Structure formats: C-alpha cells, structure tokens
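Below is one structure, written out as structure tokens; comments come after it.
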Amino acid sequence: MVRLLVTNRVGVTIEVAAQPGISMMENIRELDDSVDAICGGLCSCATCHVYIEPSWWDRLSERGYEELMMLRDLESFDPERSRLSCQIEVTDAHDGIALTVGPEE
Ligand code: FES
C-alpha cells in the first residue's frame, strides 16, 4: 500500500491508500476539496497543482518543461514545491508522501 497524506483546499489532511502505476492526480481527484484536473491529465490546465516538500523531490519524476511552463503561469506557483499531480506516477517509493492541494485560480 502507498499512503498519501493529502491536505485539501480547506486545510483538512486525509490519508489516502493510493494505487501505484497511475498518477497522483487520479488517486486524489475524487476527494472533497481536491484538485479539479479539468484536462484529465494532458498537462494543459494546471488545475491539478499540488505542493510537495523538496525533501521528497528525489523520489519524484523530474518536472518537465511543459509542466514547468504551465506552473509558471499560476499566481500560486512556488518554484521549490509546485508540481502538477497528473505528471507524477505513484510508485512504492512515495509511501508516506505529503502533498497539499494548490488554491483554485
Ligand atoms: S490535470 Fe490538467 S494539467 Fe494536470
């Protein structure tokens, strides 16, 4: 089991039993006050924005150019912590990871 600790848009932290092999976005989009993920994971909407602390980044896939371009258009972009959750595939290495859903824009 891969546990994700997800803090939603109203500040409530929920432990999610995530399914590896699919994206973080797909694992968290059905939660209350979570990501909207309007484009369905095509890296074209940025409504799946989450913050992940830098200490976890060596266990994540790299932030790609297109992802970075989408993130940089957000007012809430944090260069140190912002990711698009649709661009991260959950693996066993993510057990215990904490993420915070970005604000609505
Ligand atoms: S779901 Fe649209 S960019 Fe991630």
Side-chain angles (χ1 to χ4, degrees):
M1 183 175 80
V2 181
R3 293 166 304 122
L4 309 179
L5 299 173
V6 183
T7 301
N8 69 15
R9 285 192 173 130
V10 295
V12 175
T13 301
I14 306 153
E15 185 175 303
V16 176
Q19 181 181 338
I22 63 172
S23 70
M24 279 191 181
M25 176 276 280
E26 291 171 288
N27 273 291
I28 68 173
R29 72 185 304 185
E30 300 301 330
L31 302 174
D32 290 340
D33 300 301
S34 187
V35 295
D36 295 321
I38 289 168
C39 79
L42 298 175
C43 200
S44 61
C45 72
T47 63
C48 65
H49 178 207
V50 296
Y51 299 110
I52 300 175
E53 293 304 318
S55 59
W56 281 95
W57 280 48
D58 61 351
R59 281 165 275 185
L60 303 176
S61 53
E62 266 187 45
R63 189 167 57 190
Y65 177 78
E66 285 181 22
E67 180 182 354
L68 183 57
M69 290 301 105
M70 293 300 299
L71 286 166
R72 287 175 65 175
D73 285 342
L74 298 174
E75 279 182 27
S76 56
F77 174 57
D78 177 342
E80 303 293 321
R81 299 187 304 136
S82 288
R83 293 297 309 257
L84 293 181
S85 58
C86 71
Q87 300 301 301
I88 303 169
E89 182 178 309
V90 172
T91 71
D92 291 339
H94 299 146
D95 186 39
I97 194 170
L99 49 136
T100 300
V101 177
E104 218 162 359
E105 290 196 22

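Counting starts at 1 for both ligands and their atoms, in listed order. Because the structure is a prediction, the values reported are computed rather than measured.
For a distance threshold of 2.8 Å, the protein N, O or S atoms nearer than that to atom 2 (Fe) of ligand 1, listed by chain and number, are C39 SG, C45 SG.
More than 12 heavy atoms of other residues, nucleotides or ligands lie within 6.0 Å of CD in E15, so this atom counts as buried by the packing criterion. Around atom CG of D58, more than 12 heavy atoms belonging to other residues, nucleotides or ligands sit under 6.0 Å away. Heavy atoms from other residues, nucleotides or ligands lying under 6.0 Å from CD of E66 number 12 at most.
Across all non-hydrogen atoms, the minimal contact from S61 to I88 is OG-CA, 4.1 Å.
Taking CE of M69 as the start and SG of C43 as the end, the distance is 10.5 Å to the nearest 0.5 Å.
Using a distance-only test at 3.5 Å, with no hydrogens or angles considered, no donor-acceptor pair links the side chain of R59 to the main chain of T91.
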